[in-house]
Amino acid sequence: MSLLKSLSVASSVLMLSLPAVSFAQAERDLEAEEANRALVIQFYNQFFNEHETEQSSLVLAEDYIQHNPDVPDGKAPFVDYFAGYFQENPDYQSEIVRSATDGDLVWLHVHSTNGDDDRGEAVVDIFRVENEMIVEHWDVIQSVPEEAANDNTMF
């Protein structure tokens, strides 16, 4: 038997001896996901549109984890950061264009602007919710250009 054929047989035997791997997803709890989505949307609108930082932050965990490198970790530092930001930028608004969930994650696709003349930014915010509290956040932010290479909008 050639070396190549021997390796082929050996690898086939090895593969057959490994336990089967299941790629099936765990069953989703759509009711819990919808509750998480509603919690995040209410928080987001109160915080980023009404600039109600104290009341809306009641759903933020004390040890809130922030992945945006410009914003500090923790509930109190997060609230302080944006309270100052909203004082300097009273016209800041964030329109939620669409939202989605997957397990404990809630995604928001947002058009944020800072006044009527601002083209704004396209933002994807991702929140992780645990026990009815927002515990973690990621975002991706892209400026809305004056001209695009296509006729599609960012929203």
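Note that the numbering runs from 1 along the sequence shown for the chain.
Leu58 and Lys75 make their closest contact through CA-NZ, 4.0 Å (heavy atoms, listed as atom of the first residue, atom of the second, distance). The two residues Ser99 and Leu108 have their closest heavy-atom pair at CB-CD2, 3.6 Å. Smallest separation of non-hydrogen atoms from His111 and Val97: N-CG2, 4.2 Å.
Arg98 contributes no side-chain N or O that, together with a main-chain N or O of Val110, makes up a donor-acceptor pair within less than 3.5 Å. Panel note: side chain Asn131, backbone Met133; no donor-acceptor pair is recorded below 3.5 Å. Between the side chain of Arg119 and the main chain of Pro145, a donor-acceptor pair closer than 3.5 Å is present. With hydrogens and angles disregarded, no donor-acceptor distance shorter than 3.5 Å links the side chain of Glu34 to the backbone of Asn36. No donor-acceptor pair under 3.5 Å is formed between the side chain of Asp73 and the backbone N or O of Ile65. Judged by distance alone, with hydrogens and angles left aside, the side-chain atoms of His109 form no donor-acceptor pair with the main-chain N or O of Ala100 at under 3.5 Å. The backbone N or O of Tyr92 lies less than 3.5 Å from a partner atom in the side chain of His51, making a donor-acceptor pair.
A donor and an acceptor atom, one from each side chain of Asn114 and Asp91, are nowhere located under 3.5 Å apart. A donor atom on one side chain and an acceptor atom on the other are not found under 3.5 Å apart for Thr101 and Arg37. Checking Asp125 against Tyr44 by side-chain atom types alone, a donor-acceptor pair falls below 3.5 Å.
The aromatic rings of Phe48 and Phe82 sit perpendicular, their planes meeting at an angle over 60°, well past the 30° parallel limit. The aromatic rings of Tyr64 and His137 sit parallel to each other, their planes meeting at less than 30°, with 60° as the upper class boundary.
A salt bridge links Glu33 to Arg28: one of the charged nitrogens lies within less than 4.0 Å of a carboxylate oxygen.
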